[in-house]
Amino acid sequence: MTEQQYNSNFLNILKERGFMYQMSDEKALDKELSSGIVPAYIGFDCTARSLHVGSLVQIMMLRWLQKCGHKPIILLGGGTSKVGDPSGKDKSREMLTMEDLENNKAGIRKVFAKYIKFGDGETDAVMVDNDDWLNKLQYLDFLRDYGPHFSVNRMMNFESVKIRLEREQPLTFLEFNYMILQAYDFLELGRRYGCKLQMGGSDQWGNMINGLELNRRVDSRSAHVITSPLLTTADGKKMGKSEGGAVWLNDDMLSDHDFWQYWRNVQDADVGKFLRLFTELPLDEIAKLESLEGSEINEAKKILAGEVTKLARSEDSAKKAQDTAQKTFEQNGMGDALTKVEVSRAELTSGILAFKLFASVGLVSSSSEARRLISGGGAKVNNEKVTNDKQEITLNDLDKDGVIKLSAGKKKHIIVVPV
RNA sequence: GGGGAGAUGCCUGAGUGGUUAAAAGGGGUGGACUGUAAAUCCAUUGGCUACGCCUACAUAGGUUCGAAUCCUAUUCUCCCCA
């Protein structure tokens, strides 16, 4: 490997693998990390039942952190979700019920359990909800105790604030307070767990620095922050959209097959970057993979898909997904991991109009869309193009395995199982 | 509290009484080309048991043969003055 820039193994890994965007006081942090266990945290929203690949960079950072002998703290924004995240300006989000919130927390915990180890040990991860302390805050006490440490003049200079003001877009007081609450989280975690490091996306830099300073001013605790680059795909789009939906990490939100396919279909230019960030393959191996040319890079994509799926789902899921992909795409057949939909035998006996079946099975969202698909030549039954939307699908269409394969375009397939 | 501007399809954004399911772009989807990639090109993009029907331009009423376009009330948003 190249020269090791830091004493801390953790920092070296972050640097080499592309997790590092900026950090506060490099030397001090390096020293801190190389001389003992450092508890570090990253905050996550819990507005959905699962996190999606957009959070994967953060998750991997915590995983490496633990691997390097430190303690990950996962902070869920249960308290802040209660207020609703204001940065999605248009519609203020619906309030989550307590029940939703608990469900979401459980779902998110499930994801993390795949990546890091929880428990009571020194480097075991813990998961906390900022509702535990934010909810109890007394406005006046809070103002008196922490208000003096925040300078509005400075906050006005923060990128996030400045942009809004310059564009004359509204910035609510609520929103303005968010960064203060976030800073307070850092302080609280410092008190509870001796947390000294906050990590997060580079858009959080300003907020994170606030927390760092609050720690220093109020508790004289030395604290640090590291940000990761904001991830975009090679064509500059946000990561994590596929076939119209978000790429969820939980398997009850997105099938193993679709998850695997997302990684299989990344752009050539992203392969190396993603391998470094989202897998734990050695760097020299990654270098080899990303240097593959032309269609050979597809092999690298398969490895990427396999590795990521293994981590997020399971070894078995990865295998099945790859197997299915091979059968489906390379042999024009079908694999186990394709979504199966049951259709009553009785209906098939009398015949179902093609466009209706495509819609009811969920390949398209309406029968109008199904008709469009068919007239555009994108609908197939057992690899045969459907030419007429009134074509009937019947038991006669069962293949030798007694099922029917429906395809919408080249990539979306569903297996119809008569019951 | 006073005055002004505005709310259009997934998003941005035209339209200001009549072929307007609503320009244009973005995004999505399908096709061609390829490597299950990118770029490019073409098509499509409210719903429906479909050459017709229904629902749509913040909400509720009204004027009119006819409204997204005019009137009234309501809700929300932004701006300015106090």
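Just so we're clear, the structure is a prediction, and the values are computed from it rather than from any experiment. Convention: sequence-line order gives letters A, B, ...; per-chain numbering from 1.
Between the side chain of A/R371 and the base of B/A50, at least one donor-acceptor pair of N or O atoms lies under 3.5 Å. In the interface, the side chain of A/K410 is paired with the base of B/U34 through a donor and an acceptor atom under 3.5 Å apart. The base of B/U29 is not paired with the side chain of A/E369 by any donor and acceptor separated by under 3.5 Å.
Spacing between atom NZ of A/K301 and atom C1' of B/U34 amounts to 11 Å, rounded to whole angstrom units. The distance from atom CG of A/L353 to atom P of B/C48 is 14 Å, rounded to the nearest whole Å. When the C1' atom of B/U45 is taken as reference, atom CG of A/L373 falls 13 Å away, rounded to whole Å. One interatomic measurement links the two molecules: CG of A/L338 to C1' of B/U36, which rounds to 13 Å at whole-angstrom precision. Rounded to an integer number of Å, the gap from A/K302 NZ to B/U36 C1' is 10 Å. Spacing between atom NZ of A/K327 and atom P of B/U36 amounts to 19 Å, rounded to whole angstrom units. Rounded to whole angstrom, the span from the CG atom of A/L363 across to the C1' atom of B/U29 amounts to 13 Å. Across the protein-nucleic acid pair, A/K411 atom NZ and B/U29 atom C1' stand 12 Å apart, rounded to whole Å.
Of the P atoms belonging to B/A43 and B/G26, the separation is 13 Å, rounded to the nearest Å. Of the C1' atoms belonging to B/A58 and B/U77, the separation is 11 Å, rounded to the nearest Å. Spacing between B/A67 and B/C57 at atom C1', rounded to whole Å, works out to 11 Å. Spacing between B/G15 and B/A7 at atom C1', rounded to whole Å, works out to 15 Å. Comparing B/U12 with B/G27, their P atoms are spaced 15 Å from each other, to the whole Å. Separating the P atom of B/G52 from that of B/A60 is a span of 29 Å, rounded to the nearest Å. Taking atom C1' on both B/G18 and B/G66, the two are 6 Å apart, rounded to the nearest angstrom. B/G9 and B/A68: their C1' atoms are spaced 12 Å apart (whole Å).
If you find the closest nucleotide of RNA chain B to A/E296 and to A/S366, the one lying nearer the 5' end belongs to A/E296. Remark on RNA chain B: of its neighbouring residues A/A379 and A/D268, the 5'-side contact belongs to A/A379, judged by nearest-heavy-atom nucleotide.
Residue A/S375 has no polar side-chain atom (N or O) positioned under 4.0 Å from OP1 or OP2 of B/A43. OP1 or OP2 of B/G30 sits under 4.0 Å from a side-chain N or O of A/K412.
Remark: B/A14 base-pairs with no nucleotide; criterion is Watson-Crick or G-U wobble with both hydrogen-bond distances under 3.5 Å. In this entry B/U34 has no Watson-Crick or G-U wobble partner, no candidate having both defining distances under 3.5 Å. Nucleotide B/A5 has B/U77 as its partner under the Watson-Crick or G-U criteria, with both atom distances under 3.5 Å. Here B/A43 sits opposite B/U29 as a Watson-Crick or G-U wobble pair (both hydrogen-bonding atom distances under 3.5 Å).
For the residue pair A/Q204 and A/Q182, a side-chain donor N or O sits within less than 3.5 Å of a side-chain acceptor on the partner. In summary, the side chains of A/D399 and A/N382 do not present any donor paired with an acceptor at a separation below 3.5 Å, with no hydrogens or angles considered. In this structure, a donor-acceptor pair under 3.5 Å is present between the side chains of A/E188 and A/Y184. Of the N and O atoms on the side chains of A/Q22 and A/S202, not one donor lies less than 3.5 Å from an acceptor on the other residue. At a cut-off of 3.5 Å, with distance as the only test, a side-chain donor of A/N383 or A/K405 sits close to an acceptor on the other residue. Looking at A/Y115 and A/Q66, their side chains never bring a donor and an acceptor atom within 3.5 Å of each other. Looking only at atom types and distance, the side chain of A/H413 has a donor-acceptor partner in the side chain of A/S407 under 3.5 Å away.
If you check every strand for non-hydrogen atoms under 4.0 Å, A/R264 touches a base. Residue contacts shown for A/G377 are limited to sugar-phosphate atoms, with no base heavy atom under 4.0 Å away. Heavy atoms of A/V271 sit nowhere under 4.0 angstrom from any nucleic acid atom.
Which of B/U36, B/A50, B/U45 sits closest to the side chain of A/N265 comes down to B/U36. Comparing B/U29, B/G35, B/U36 against the side chain of A/W260 picks out B/U36 as the nearest. Here B/U36 is the nucleotide among B/U36, B/A38, B/U49 with the atom lying nearest to any side-chain atom of A/Q261. Distance from the side chain of A/Q267 is smallest for B/A37 among the nucleotides B/A37, B/A50, B/U49. Candidate nucleotides B/G35, B/U45, B/A50 were compared by shortest atom distance to the side chain of A/S368, and B/A50 ranks first.
Ring-centre distance between A/W263 and A/F278: below the 6.0 Å cut-off.
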